[in-house]
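Step one of this worksheet: look at the structure below.
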Amino acid sequence: EINISTFFQDDDLTHGDSLTFTVDVDQSGIPNWMTLDQDTGVLKFTPPDEFVGDWNLELVATDSALESISKSILVTVQNQNDAPTVANSIDTQTAVEDQEFKFVIPDNIFSDSDIDSGDVLTYESLLSDGSGLPNWLTFDEGTKTYSGIPRDNDLSLEPLSILARAIDLDNESVDAVFSLNISNSNDAPRLLGEQPDVRFIEDSYKSFALASNLFDDDDLDSGDALT
């Protein structure tokens, strides 16, 4: 806020004269982010990020007789940090058991209006509850890349809730949360032990049962069944 009346003096004010004020910015009138009270000379402005820099203001005072005088001043609009924002949501991702998973956060997820003013974003990731990522999953902060191979014991009925965080140079940050499903892939059953030999006698009936610990299947806890 600037009171431009302080730049001018009129000896006739004590005899009933009055001044009105106008402003011309870089010979283009007054921008929409400036407001001027022409009677008091109070100039207010809230410049957006794209108007950071130097501005030449031509201040004009006009009296009741339409005589005027002008003065040029230079106003510098300094950048003020704006926190990064989430521009787009991250789609739900799916990793498959025993297969390599890789996902790069797209460039359009986070936005920072200060990038043109030299700001830089860095990234980190954790689970949305504040705990670290599971052991099988890594995040490369430089490339914004998740990678890893989930195993059978990493399967869960509930998807992982993953938080991706963007941090600017002023340590202001914003979080984007997305879901990561881990899909089961079939594992072949395994032979665990040995079946004892069974002897049959000709023309006689005999039954036997396979040893209970003969086979195992890692997918049984995911609904698989052996026949």
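Any value given below was found using the heavy atoms of this structure, including those in side chains, with hydrogens, waters and symmetry copies removed. No experiment lies behind these values; they were computed from the predicted model shown.
- Using a 4.0 Å cut-off between charged nitrogen and carboxylate oxygen, Lys44 and Asp37 do not count as a salt-bridge pair.
- For the pair Gln93 (side chain) and Asp91 (backbone), a donor-acceptor distance under 3.5 Å is present.
- A distance of 13.0 Å separates NE2 in His15 from OG in Ser64, rounded to the nearest 0.5 Å.
- In summary, the side chains of Asp26 and Ser28 do not present any donor paired with an acceptor at a separation below 3.5 Å, with no hydrogens or angles considered.
- There is no side-chain donor-acceptor pair under 3.5 Å between Thr138 and Tyr146.
- Between the side chain of Asp168 and the backbone N or O of Glu172 there is at least one donor-acceptor pair closer than 3.5 Å.
- Between Thr20 and Gln38, the side chains place no donor N or O within less than 3.5 Å of an acceptor N or O (distance only, hydrogens not considered).
- Between the side chain of Thr85 and the backbone N or O of Ala87, no donor-acceptor pair lies under 3.5 Å.
- Ring centers of Phe21 and Phe7: at least 6.0 Å apart, outside the cut-off.
- Thr6 places no side-chain N or O within 3.5 Å of a backbone atom of Ile4 that could act as its donor or acceptor partner.
- Of the possible donor and acceptor atoms, none in the side chain of Asn181 sits under 3.5 Å from a partner among the backbone N and O of Ser183.
- Classified by interplanar angle (parallel below 30°, tilted 30° to 60°, perpendicular above 60°), the ring pair Trp33/Trp55 is perpendicular.
- Summarising the geometry, atom OG belonging to Ser161 is positioned 8.0 Å from atom CG belonging to Asp129; distances are rounded to the nearest 0.5 Å.
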